[in-house]
Amino acid sequence: MTSYVLTFSCLDRPGIVAKVTSLIAQHSGNITSAQQFNDPATGRFFMRVVFDMANVETFSASLSSIAQELSFDWRMRDVAKRKRVLILVSKFDHCLLDLLYRVRIGELRMDVVSVVSNHSRESLKLSNLHGATFHHLPITRSTKLDQELQLRNLIEETGADFVILARYMQILSDSMAQWLEGRCINIHHSFLPGFKGARPYHQAHERGVKMIGATAHFVTGDLDEGPIIAQNVEPITHRDTPAMLIAKGRAIEQRVLASAVGALIEDRVFLNGRRTVVFD
Ligand SMILES: Nc1nc2c(c(=O)[nH]1)N[C@@H](CN(C=O)c1ccc(C(=O)N[C@@H](CCC(=O)O)C(=O)O)cc1)CN2
């Protein structure tokens, strides 16, 4: 018996759940988890179903015809098939190392196919990458498009399902962001929409806020504007200098990114226009 996760979304109407769950039962499947959301704002319906089934081929064929009838966009995969992830990092490696540690202890069940940086491995003092290959792709304003072409080739060669910007401090071009639509996420070191840009902790200190946070979001051509997947905050005080905010922020960034990556690789995240649906 194999465990599968099926995710789909479509325009909402009566009978969708009944059709899909009956089809699973007709093919001797056993549903072990089911979550759904009807968005009154967009009229869209979202569902994630995990089920055990011996022979999925005939089920998949029948589901295709229902999908055509209900014009829904669906994906299904064997739960045991691990997602392949490429991680981009610049100078600060705390989010990268946290993800690699969570993979090593089995918390994040994914394969890190490559770690890519615009800085050299020596300058990053990156010792143990737990088996992931490292690629140094330097970038300047004049070499940006060439560098992005190298990055595209690497993403294709490694068969990465997702790209994670784990404090990668270069802005991806519109064409690169478009090519990676729905499969590239970034950890921004502020509670968006506040303090976009490269130096959010200094902006936060300047503004005198009493909470700082971090935001994991899909990457789009609009800087720090992509659909949000996860956020978290922590209180700070007038005693916190920008350097102390940067230090306090590391742990927030790490847990917010890990939460978003976990949801992504378990197919619990749906794009819903400028927003997301994230099932527990
Ligand atoms: N197309 C996108 N690319 C990136 C996004 C995004 O949302 N869309 N997020 C950034 C990450 N980021 C904040 O989270 C960020 C990174 C870099 C900058 C910035 O101004 N960079 C300067 C250069 C800075 C440097 O060299 O240190 C620049 O590129 O001119 C702002 C925000 C990752 N990419």
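Both ligands and their constituent atoms are indexed starting at 1 by order of listing. By convention here, the first residue in the shown sequence is residue 1.
Counting atoms of ligand 1 from 1 in the listed order, those under 4.0 Å from a heavy atom of Tyr168 are 11 (C), 33 (C). Those atoms of ligand 1 that come under 4.0 Å of a heavy atom in Leu165, given as number and element, are 33 (C), 34 (N).
Between Trp74 and Ser64, some side-chain heavy-atom pair lies under the 4.5 Å cut-off.
For the residues His189, Gln170, Lys144, Glu253, the heavy atom positioned nearest atom 26 (O) of ligand 1 is part of Gln170. The heavy atom nearest to atom 14 (O) of ligand 1, out of those in Lys196, Lys91, His188, His217, is found in His188. Across the listed options Ala214, Ala198, Ala216, Ala198 owns the non-hydrogen atom lying nearest to atom 18 (C) of ligand 1.
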Task: Pair Phe279-Phe270, ring pair (Phe, Tyr, Trp, His ring centres under 6.0 Å): steps then yes or no - done: CA-CA 9 Å; Phe279 289 133; Phe270 297 75; 5.5 Å; yes

Open item on the list: Between Ser190 and Gln203, does the side chain to side chain donor-acceptor pair (under 3.5 Å) criterion hold? Intermediate values first, please.
Closed with: CA-CA 10 Å; Ser190 86; Gln203 296 178 57; over 6 Å; no

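Atom CZ of Phe37 has more than 12 heavy atoms from other residues, nucleotides or ligands within 6.0 Å. Other residues, nucleotides and ligands place more than 12 heavy atoms under 6.0 Å from the CD atom of Glu107. Residue-environment remark: NZ (Lys210) exceeds the threshold of 12 foreign heavy atoms within 6.0 Å. Heavy-atom contacts from other residues, nucleotides or ligands closer than 6.0 Å to CD of Glu156 number more than 12.
The closest approach between any non-hydrogen atom of Gly197 and ligand 1 is below 4.0 Å. Put simply, no part of Arg167 is less than 4.0 Å from ligand 1, judged by heavy atoms. For Asp174, the heavy-atom gap to ligand 1 stays at 4.0 angstrom or more.
With salt bridges taken as basic N to acidic carboxylate O contacts below 4.0 Å, one links Glu225 and Arg274.
Each of Ile87, Leu154, Leu88 was compared with Ser114 under the side chain to side chain contact (heavy atoms under 4.5 Å, CB included) criterion, and only Leu154 meets it. For the pairing with His189, the side chain to side chain donor-acceptor pair (under 3.5 Å) check across Arg167, Arg199, Glu253 returns one residue only, Arg167.
Atom 2 (C) of ligand 1 has as its closest protein heavy atom Thr220 O, 3.4 Å. Protein heavy atom at the shortest distance from atom 22 (C) of ligand 1 is Met169 O, 4.2 Å. When only non-hydrogen protein atoms are considered, atom 6 (C) of ligand 1 lies nearest to Leu223 CD1, 3.6 Å. Taking atom 9 (N) of ligand 1 as the reference point, the nearest protein heavy-atom neighbour is Asn186 ND2, 3.5 Å. Of all protein heavy atoms, the one closest to atom 28 (C) of ligand 1 is Ile171 CD1, 4.1 Å. When only non-hydrogen protein atoms are considered, atom 3 (N) of ligand 1 lies nearest to Leu172 N, 3.0 Å. With respect to atom 7 (O) of ligand 1, the closest heavy atom belonging to the protein is Asp224 N, 2.9 Å.
The side chain of Val219, and not its backbone, has at least one atom closer than 4.0 Å to an atom of ligand 1 (non-hydrogen atoms only; side chain from C-beta on).
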